[in-house]
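Quick notes on the structure that follows.
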Amino acid sequence: MTDSTAALPPALAAQVGLHVVPLDVSVDGARHVEGVDVTPEQLLQALERGAKVTTSQPPPSAFAAAYERAAAAGAHEIVSVHLSGEMSGTVRSARTAATVSPVPVRVVDSRSAALGLGFAAIAAARCAATPLDASELAGPDATAAPADGRAAAVRRWVARVTRREPDAAPTWPDAERVARVAAQAARGTQVWFLVDSLDHLRRGGRLGAGAAALGTVLGLRPLLSLQDGRLVVAEKIRTRRAARERLEQVAAAELAARPAARVGVHHVGPSDVADALAARLAATPGARVVETVVADAGAVLAAHVGPGLLAVVVADA
């Protein structure tokens with residue numbers, strides 16, 4: 001389970017079996033639910049006409065209802081992966097709801113956002129859907145035995161595996177393992193943002209006034225990144241064009257430095273620039289890109305960053 005700030009294409013979320021709890025968006029005082037009765041395009045139009053747009057995390061009751069539905073559908077445990085607790089109270093709402101869930105819930109603070117969160121949630125979902133293999137079932141004595149005890153450890157492992165019936169039911173990873181996979185995936189993710197204006201982030205409290213002044217007063221184009229769950233200024237660049245080029249450079253370098261990677265590109269508004277950037281990154285020399293996702297940033301993120309967002313997420317494959 002995750003929340004809508006993961007900004008996952010609905011088809012991808014459904015394909016991997018992820019349940020998404022939406023955040024709330026208010027436009028001039030009228031409450032909407034992201035992905036249900038407000039689209040990013042509608043929100044973009046509201047921002048452009050100067051509407052007052054705010055967002056809020058789902059209440060604990062929304063998570064409680066989602067956990068109850070999952071339990072009713074047969075879930076014995078739930079792993080709930082969410083937006084950085086440094087940026088939103090979403091993870092706190094999930095933890096509150098977990099205390100009244102009919103089944104155990106492990107809540108993971110991804111300390112990330114957008115597809116930084118989304119790729120972590122996908123990793124968790126794929127882990128949960130994959131039976132454990134023989135080496136994982138064998139336990140630590142088969143893989144971490146000291147040299148003088150390795151032969152005995154191997155014999156115990158062979159005996160344990162061969163005792164299993166050929167048609168035995170598969171063993172699935174438990175919530176602890178799935179949560180660990182999600183946290184590890186999130187830690188291995190890098191996220192960079194470019195926006196046309198820092199005013200939206202400043203007003204929402206996601207970026208300090210000093211950092212916002214770089215764009216509004218000095219005319220610089222800061223390249224933002226996520227560090228320790230918070231948005232920070234990674235570099236200060238003179239022009240929009242140079243900032244886009246630098247965004248591509250740092251993302252390509254990160255892709256080339258990994259044995260295999262997934263890349264996500266976000267946009268708010270038309271996707272042509274994001275599509276072209278994703279294609280170039282997928283063809284980065286020396287990189288092995290196994291999955292590319294281009295996705296709208298979603299209504300909540302659009303409310304915080306405003307028009308013109310271009311973001312890149314690089315994750316381990």
Side-chain angles (χ1 to χ4, degrees), residues 2-10 20-63 82-94 110 112-118 191-217 221-222 224 226 229-233 240 264-271 273-274 294-311 313:
T2 188
D3 61 73
S4 56
T5 62
L8 289 166
V20 179
V21 178
L23 273 71
D24 291 342
V25 181
S26 174
V27 179
D28 286 334
R31 178 182 173 275
H32 302 276
V33 180
E34 181 173 23
V36 176
D37 59 0
V38 64
T39 65
E41 293 77 14
Q42 291 171 327
L43 194 63
L44 188 58
Q45 293 170 3
L47 290 168
E48 289 173 342
R49 71 170 186 266
K52 182 181 179 181
V53 178
T54 59
T55 67
S56 61
Q57 69 266 19
S61 60
F63 283 110
H82 297 293
L83 174 65
S84 172
E86 298 289 344
M87 302 175 68
S88 167
T90 300
V91 74
R92 291 194 297 274
S93 285
S110 72
S112 192
L115 276 170
L117 161 62
V191 185
W192 301 273
F193 296 90
L194 282 179
V195 295
D196 279 347
S197 170
L198 297 176
D199 287 341
H200 298 282
L201 287 167
R202 177 186 57 79
R203 287 198 297 265
R206 268 71 181 181
L207 195 66
L214 291 171
T216 56
V217 178
R221 296 286 184 175
L224 306 175
L226 276 172
R230 298 183 180 186
L231 272 177
V232 299
V233 176
R240 174 73 173 176
V265 181
H266 285 299
H267 59 91
V268 171
S271 67
V273 173
V294 177
D296 196 297
V300 167
L301 290 176
H304 289 298
V305 302
L309 169 76
L310 187 63
V313 180

Please walk me through it: do L43 and H32 pass side-chain contact (heavy atoms from CB on, under 4.5 Å)? CA-CA 10 Å; L43 194 63; H32 302 276; over 6 Å; no
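- Annotation: side chain of V300 is in contact with side chain of V25 (closest heavy-atom distance under 4.5 Å).
- Here the side chain of H82 pairs no donor or acceptor atom with the backbone of V91 at under 3.5 angstrom.
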Full working for side-chain contact (heavy atoms from CB on, under 4.5 Å) between V38 and V33: CA-CA 6 Å; V38 64; V33 180; over 6 Å; no
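- Atom NE2 of residue H267 and atom CG of residue L310 lie 9.5 Å apart, to the nearest 0.5 angstrom.
- Remark: the T90 side chain and the S88 side chain contain an N/O donor-acceptor pair separated by less than 3.5 Å.
- A 4.5 Å side-chain heavy-atom check between T2 and V21 finds every atom pair outside the cut-off.
- Taking CG from L194 and CG from L224, the interatomic distance works out to 7.5 Å, rounded to the nearest 0.5 Å.
- Closest heavy-atom contact between S93 and P58: OG-O, 2.9 Å.
- Closest approach of V294 and P9 over heavy atoms only: O-CG, 4.4 Å.
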Could you check T55 against L23 for side-chain contact (heavy atoms from CB on, under 4.5 Å), going step by step and ending with a plain yes or no? CA-CA 7 Å; T55 67; L23 273 71; 5.6 Å; no
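- Nearest heavy-atom pair, D37 versus Q42, reported as atom, atom and distance to 0.1 Å: O-OE1, 3.9 Å.
- Closest heavy-atom contact between S84 and S110: N-OG, 4.0 Å.
- Taking both residues in full, the closest heavy atoms of D296 and H266 are given as O-ND1, 3.9 Å, listed atom of the first, atom of the second, then distance.
- Taking 4.0 Å as the cut-off between side-chain N and carboxylate O, K52 and D28 do not count as a salt-bridged pair.
- Between L83 and S112 the shortest heavy-atom distance is CD1-O, 3.4 Å.
- Results of the side chain to side chain contact (heavy atoms under 4.5 Å, CB included) test with L115 over V265, L8, V191 single out L8 as the only residue that passes.
- Of the inter-residue distances, the one linking Q57 atom CD with D3 atom CG reads 10.5 Å to the nearest 0.5 angstrom.
- Checked by atom type, the side-chain pair E34/S4 shows a donor-acceptor distance below 3.5 Å.
- When side chains are defined from C-beta on, L226 counts as touching F193, because their heavy atoms get closer than 4.5 Å.
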